[in-house]
Colleague: 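Handing you this structure, nothing more for now.
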Amino acid sequence: MKSNINSTYFTSVRNQTLYIIAIILASLMTASGQNDESKLDKFSIKKMKKADVVGLQVGYLKKDGTIWSGSYGKIKYIDNLNVNDSTLFMIASCSKPVTAFAILKLYNDKKIDLDADINQYLPFRINNPIFPKTIITARMLLTHTSSFKDNWEVIEPLYTTEKGGDSPIPLNDFVSDYFTEKGKYYDSAANFFNKQSGSFWEYSNMGYAVLGLIIESASKKEF
């Protein structure tokens, strides 16, 4: 991310411990040399220390369904509590690689075109109201060039922090309320940049929320 975005994000969570949730796929097994849990532990601890992360939870799901997981480090710098398999983590941008994988799977299955207007796949139209004739594509959403702005006055109060708590707001409703003119979170100045989509880069969480809805629409499954 750009340094100013990093600063903004970490300022908003400065009183929380930095956690990372890592989903380690076949590459982790390759990196560790073999299916050896002790080597996976050593590999994970090495990566945790290199990243200067206080606590880490790692999971590995094999093709046959076998699961391995590991818990490392502390929950907080100031507490002497170890991370375990019940520790809650702030998922945040760790969901973005999963989103990107799903979009590319749909592209590979010829269910979406990365360079088509996203409105082909959405149940309602989304455009930057300042540039209503400029199309926005899935590729732009993936690469943070969509011109969608994160309105933190809307987003931050909606964080779900209860144990096991998915958001009570359906994805379709949230995206509609944020991007369509009659929505309760709509604000043309706060939700969109005054720049044409595809012409510049700016990190966008809301762009990935739209990708999630595209995944639902194209796959006919909940994100």
Side-chain angles (χ1 to χ4, degrees), residues 1 5-24 51 53-59 61 67 69-79 81-103 118 121-124 126 138 141-142 144 146 148-180 182-187 190-192 202-223:
M1 293 188 218
I5 297 174
N6 260 333
S7 174
T8 300
Y9 177 74
F10 285 113
T11 297
S12 71
V13 295
R14 62 183 178 274
N15 294 323
Q16 301 178 30
T17 305
L18 173 61
Y19 293 128
I20 293 179
I21 295 179
I23 302 175
I24 309 297
V53 173
V54 64
L56 179 68
Q57 183 88 40
V58 180
L61 179 62
I67 297 174
S69 64
S71 301
Y72 312 97
K74 303 295 181 180
I75 293 176
K76 294 181 180 179
Y77 286 107
I78 59 175
D79 294 341
L81 298 175
N82 293 327
V83 172
N84 58 55
D85 59 8
S86 297
T87 301
L88 294 179
F89 288 85
M90 184 176 179
I91 296 174
S93 292
C94 294
S95 64
K96 288 186 175 69
V98 179
T99 305
F101 267 120
I103 286 289
I118 58 174
Y121 313 109
L122 295 171
F124 45 80
I126 297 178
L141 297 174
L142 286 168
H144 302 279
S146 64
F148 294 162
K149 186 188 293 187
D150 290 337
N151 181 353
W152 287 105
E153 289 188 7
V154 168
I155 298 171
E156 197 161 11
L158 297 177
Y159 280 169
T160 303
T161 57
E162 296 299 323
K163 187 171 183 179
D166 287 334
S167 173
I169 306 171
L171 182 60
N172 182 87
D173 294 353
F174 174 61
V175 174
S176 175
D177 279 339
Y178 192 93
F179 286 107
T180 62
K182 294 182 179 180
K184 61 182 175 181
Y185 306 128
Y186 185 81
D187 184 324
N191 296 4
F192 301 90
E202 191 73 36
Y203 195 82
S204 175
N205 291 287
M206 289 307 304
Y208 269 71
V210 176
L211 285 172
L213 190 57
I214 290 173
I215 292 167
E216 287 196 345
S217 178
S219 69
K220 308 302 180 186
K221 297 179 181 178
E222 289 188 356
F223 178 71

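All values below were derived from every heavy atom in this structure, side-chain atoms included, with hydrogens, water molecules and symmetry-related copies excluded.
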Colleague: Which value, rounded to the nearest 0.5 Å, describes the distance between Leu56 atom CG and Ser71 atom OG?
Modeller: 8.5 Å
Colleague: Spell out, as yes or no, whether a donor-acceptor pair under 3.5 Å connects the side chain of Ser219 to the backbone of Ile215.
Modeller: yes
Colleague: Run the side chain to side chain donor-acceptor pair (under 3.5 Å) check on Tyr203 and Ser93 step by step: do they pass?
Modeller: CA-CA 11 Å; Tyr203 195 82; Ser93 292; 2.7 Å; yes
Colleague: With a 4.5 Å heavy-atom cut-off, do Leu213 and Pro123 have their side chains touching?
Modeller: yes
Colleague: Hey, what do you get for SG (Cys94) to CZ (Phe89), rounding to the nearest 0.5 Å?
Modeller: 9.5 Å
Colleague: Any side-chain heavy atom of Asp187 within less than 4.5 Å of one from Tyr178?
Modeller: no
Colleague: Do we get Lys96 above Tyr208's six-membered ring, with its NZ or CZ under 6.0 Å from the centre and within 45° of the axis?
Modeller: yes
Colleague: Which heavy atom of Ala209 sits nearest to which heavy atom of Val175, and what is that distance?
Modeller: O-CG2, 3.9 Å
Colleague: State the CG-CD1 distance between Asn205 and Ile155, to the nearest 0.5 angstrom.
Modeller: 6.0 Å
Colleague: Quick check for you: to the nearest 0.5 Å, what is the distance between Ser146 atom OG and Phe192 atom CZ?
Modeller: 9.0 Å
Colleague: Going through the checks in order, is the side chain to side chain contact (heavy atoms under 4.5 Å, CB included) test met by Thr99 and Phe223?
Modeller: CA-CA 9 Å; Thr99 305; Phe223 178 71; 3.3 Å; yes
Colleague: Grab the two heavy atoms, one from Asp173 and one from Ile169, that are nearest each other, plus how far apart they are.
Modeller: CB-CG2, 4.2 Å
Colleague: For the pair Tyr72 and Val58, evaluate side chain to side chain contact (heavy atoms under 4.5 Å, CB included) and give the outcome as yes or no after the intermediate values.
Modeller: CA-CA 8 Å; Tyr72 312 97; Val58 180; 4.0 Å; yes
Colleague: Search all heavy atoms of Ile214 against all heavy atoms of Tyr121 and return the closest pair with its distance.
Modeller: CG2-CB, 4.1 Å
Colleague: First locate atom CG of Asn82, then atom NZ of Lys74, and finally report the distance between them rounded to the nearest 0.5 Å.
Modeller: 4.0 Å
Colleague: When you measure from the side chain of Thr87 to the backbone of Val83, do you find a donor-acceptor pair of N or O atoms at a distance under 3.5 Å?
Modeller: no
Colleague: Are Phe148 and Phe179 close enough that their ring centers fall under 6.0 Å?
Modeller: yes
Colleague: What is the distance from atom CG of Asn191 to atom CD1 of Ile126, rounded to the nearest 0.5 Å?
Modeller: 11.0 Å
Colleague: Please report the closest heavy-atom contact between Gln57 and Ser69, naming both atoms and the distance.
Modeller: NE2-CB, 4.5 Å
Colleague: Within the side chain of Asp150, is there an N or O that forms a donor-acceptor pair under 3.5 Å with the backbone of Met206?
Modeller: yes
Colleague: Indicate yes or no: at least one non-hydrogen side-chain atom of Leu171 is less than 4.5 angstrom from one of Glu216.
Modeller: yes
